[in-house]
Amino acid sequence: MFNEAERDVTTIRLPLWGRVVPGRGAVPWWVVDEEMVPIEPIRRFLADFAARDTSAASLRSYAYDLLRWWRWLRAVEVQWDRATPAEARDLVLWLKHATKPRRHPRTTSAETAGSVNPVTRKRYLGDRYEPRTIRHSNAVVRSFYEFWIEDQAAGPLINPVQLAGRHRTGRPHAHHNPLEPFRADGKIRYNPKLPKQRPREIPSEQWCDLFGKLHTNRDRAILATAVSNGARAAEILGIRSVDVDWGDQLVRVTRKGSGAQQWLPASAATARGRSDLRNRPTLAPAAPPRPARRNVGARR
């Protein structure tokens with residue numbers, strides 16, 4: 001269907017072209033070229049993405065994936081509006097074999113790269129691109145072209161990141177019967193499989209040793225809260241003093257994806273900092289509430 005160029009992806013080196021920089025105005029991140037000029041197709045997509053109440057962290061992640069896509073297209077000499085599934089396929093092949101670029105060589109982490117921590121059973125990041133990184137890249141590029149094809153109607157474009165099987169051609173749900181429920185759109189054609197992960201655990205002896213080495217109520221509260229409710233680290237570190245309900249032993253977190261606020265149970269160790277919070281200096285009326293992690297407990 002397409003005139004595919006024969007490429008040896010193992011010999012391709014992405015050019016160090018462009019960069020992601022903090023944006024101005026309502027869009028917190030831009031992708032710019034060598035002359036620090038925003039790349040217009042990406043800028044318009046990120047502006048639309050930001051208008052959908054997307055977090056700055058998600059915008060930054062999308063910007064870096066699109067920057068990699070732009071570098072790939074420059075390396076294979078294809079314009080962004082002429083990309084085909086062959087370019088998306090070859091990028092996946094390249095990501096599976098390439099080594100991630102690093103600004104500085106590894107030092108102490110060189111020995112543990114790609115291995116599993118014997119205590120926490122958590123795998124250290126290696127020097128290759130992980131399957132989740134490749135899947136995220138595919139999802140970002142696909143959503144970028146969906147924006148230009150469906151929302152902008154920008155000319156004779158096709159989406160280079162296509163779905164597998166019967167969903168490869170046409171727009172999903174284009175002829176959907178409104179009397180029938182929607183079915184899944186199908187998986188992306190070149191998404192790698194995710195390895196099955198076993199639940200991680202820390203032996204009781206090592207858990208007690210870790211908890212016993214913490215010297216402040218603040219550190220104990222953060223660790224106990226993380227274990228008791230399973231919230232993300234960023235969500236727990238964003239807890240303020242007004243987000244703690246001492247009576248019902250709850251903490252309020254702001255969810256990463258939706259930005260919604262949710263009350264979660266807190267452990268008994270979290271409540272031990274209540275007296276220290278009561279004795280802290282009163283905040284000025286105009287000052288925002290301080291993070292609770294800075295105000296819990298004095299050194300013992």
Side-chain angles (χ1 to χ4, degrees), residues 1-20 31-35 37-46 60-103 105-106 113-114 125-150 152 154-172 185-195:
M1 180 178 178
F2 305 104
N3 295 325
E4 299 185 11
E6 293 293 335
R7 302 188 183 104
D8 183 4
V9 297
T10 60
T11 62
I12 296 178
R13 298 292 181 269
L14 294 193
L16 296 178
W17 178 91
R19 56 189 302 187
V20 176
V31 180
V32 298
D33 58 17
E34 294 177 324
E35 299 179 355
V37 177
I39 301 174
E40 186 63 17
I42 299 179
R43 187 198 65 80
R44 292 175 60 179
F45 169 75
L46 293 180
R60 182 175 181 270
S61 175
Y62 272 55
Y64 273 105
D65 279 340
L66 290 174
L67 173 61
R68 185 195 300 122
W69 174 249
W70 238 252
R71 288 176 173 176
W72 172 256
L73 294 179
R74 289 179 66 89
V76 298
E77 299 181 349
V78 175
Q79 297 295 323
W80 76 274
D81 55 353
R82 295 294 181 264
T84 68
E87 280 68 57
R89 177 203 62 200
D90 290 347
L91 175 60
V92 170
L93 293 174
W94 183 85
L95 289 172
K96 289 182 177 181
H97 293 86
T99 301
K100 291 185 291 187
R102 300 182 61 88
R103 293 183 178 180
R106 289 184 180 271
L125 293 178
D127 293 326
R128 301 280 185 175
Y129 290 97
E130 300 290 336
R132 291 187 183 275
T133 302
I134 301 176
R135 293 169 70 98
H136 188 268
S137 174
N138 286 339
V140 171
V141 175
R142 178 172 175 81
S143 64
F144 169 76
Y145 280 91
E146 284 179 345
F147 166 77
W148 279 99
I149 294 172
E150 299 179 9
Q152 303 296 312
L157 288 172
I158 65 168
N159 199 322
V161 183
Q162 298 189 350
L163 300 178
R166 61 185 180 87
H167 301 280
R168 280 190 294 174
T169 60
R171 181 170 58 87
D185 291 345
K187 65 178 183 179
I188 293 179
R189 187 178 185 184
Y190 298 118
N191 266 358
K193 295 181 180 180
L194 294 176

**Q** Begin with the C-alpha distance, continue with both residues' side-chain angles, and end with the deciding distance and a verdict on side chain to side chain contact (heavy atoms under 4.5 Å, CB included) for Leu91 and Tyr190.
**A** CA-CA 10 Å; Leu91 175 60; Tyr190 298 118; over 6 Å; no
**Q** Between Leu163 and Arg142, is any pair of side-chain heavy atoms under 4.5 Å apart?
**A**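 Side chain of Leu163 against side chain of Arg142, heavy atoms only: contact under 4.5 Å found.
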**Q** Rounded to the nearest 0.5 Å, what's the gap from CZ on Arg60 to CG on Leu46? Could you check?
**A**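 Separation between the atoms: 13.0 Å.
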**Q** Show the nearest heavy-atom pair for residues Ile134 and Pro192, with the distance to one decimal.
**A**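 Between these two residues, the closest heavy atoms are CG2-CD, 3.8 Å.
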**Q** So, taking the atom named CD1 in Ile42 and the one named CZ in Phe144, what distance separates them when rounded to the nearest 0.5 Å?
**A** 6.0 Å
**Q** Mind checking whether Trp80 and Tyr145 have parallel, tilted or perpendicular rings, split at 30° and 60°?
**A** tilted
**Q** Would you mind reporting whether Arg7 and Glu87 have side-chain heavy atoms less than 4.5 Å apart?
**A** yes
**Q** Which atom pair, heavy atoms only, marks the closest approach of Gly126 to Arg106?
**A** O-NH2, 3.5 Å
**Q** Roughly how far, to the nearest 0.5 Å, is CZ of Arg135 from CD of Glu130?
**A**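 Here the rounded value is 13.0 Å.
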**Q** Rounded to the nearest 0.5 Å, what's the gap from CZ on Arg82 to CG on Leu73? Could you check?
**A** 12.5 Å
**Q** Looking only at non-hydrogen atoms, find the nearest pair between Pro85 and Ile158 and report the distance.
**A** CD-CD1, 3.7 Å
**Q** Check whether any side-chain heavy atom of Asn159 sits under 4.5 Å from a side-chain heavy atom of Ile149, and report yes or no.
**A**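 Side-chain contact under 4.5 Å: yes.
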**Q** The test is side chain to side chain contact (heavy atoms under 4.5 Å, CB included); show your working for Asn138 and Val92 and say whether it passes.
**A** CA-CA 8 Å; Asn138 286 339; Val92 170; 3.5 Å; yes
**Q** Could you walk me through whether Val140 and Tyr64 pass the side chain to side chain contact (heavy atoms under 4.5 Å, CB included) check?
**A** CA-CA 10 Å; Val140 171; Tyr64 273 105; over 6 Å; no
**Q** Is the closest side-chain heavy-atom distance between Pro160 and Trp69 below 4.5 Å?
**A** yes
**Q** Taking the side chain as C-beta and beyond, is there a heavy-atom pair between Trp70 and Asp33 under 4.5 Å?
**A** no
**Q** Could you check whether any side-chain heavy atom of Val20 comes within less than 4.5 Å of a side-chain heavy atom of Val31, counting everything from C-beta outward?
**A** yes
**Q** If you count every heavy atom of other residues, nucleotides or ligands that lies below 6.0 Å from Arg132 atom CZ, does the total exceed 12?
**A** no
**Q** Please walk me through it: do Trp72 and Val9 pass side chain to side chain contact (heavy atoms under 4.5 Å, CB included)?
**A** CA-CA 11 Å; Trp72 172 256; Val9 297; 4.3 Å; yes
**Q** What residues form a side chain to side chain contact (heavy atoms under 4.5 Å, CB included) with Glu34, not counting sequence neighbours?
**A**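 Partners of Glu34 under the side chain to side chain contact (heavy atoms under 4.5 Å, CB included) test: Trp17.
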**Q** Using 30° and 60° as the class limits, which term best fits the ring planes of Phe147 and Phe45: parallel, tilted or perpendicular?
**A** perpendicular
**Q** Between Tyr62 and Ser143, which heavy-atom pair has the shortest distance, and what is it?
**A** CE2-OG, 3.7 Å
**Q** Name all residues meeting the salt bridge (Lys or Arg N to Asp or Glu O under 4.0 Å) criterion together with Arg19; count only those two or more places apart in sequence or in a different chain, and write none if there are none.
**A** none
**Q** Within a reach of under 6.0 Å around CD of Glu40, are more than 12 heavy atoms found that belong to other residues, nucleotides or ligands?
**A** yes
**Q** Please report the shortest heavy-atom distance between Gly18 and Arg71, naming the atom on each side.
**A**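 The answer is O-NH2, 3.0 Å.
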**Q** Is Leu14 close to Trp94 at the side-chain level, that is, under 4.5 Å between some pair of heavy atoms?
**A**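 With C-beta onward as the side chain, the pair touches.
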**Q** Looking only at heavy atoms, what is the nearest atom pair of Val161 and Ile188, with distance?
**A**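 Heavy atoms only, the tightest pair is CG1-CG2, 3.5 Å.
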**Q** Measuring from Leu66:CG to Ile39:CD1, what's the distance to the nearest 0.5 Å?
**A**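 Answer for the CG-CD1 pair, Leu66 versus Ile39, is 9.0 Å.
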**Q** Tell me, do Tyr129 and Lys100 make a side-chain contact under 4.5 Å, heavy atoms counted?
**A**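 Of all side-chain heavy-atom pairs linking Lys100 with Tyr129, at least one is under 4.5 Å.
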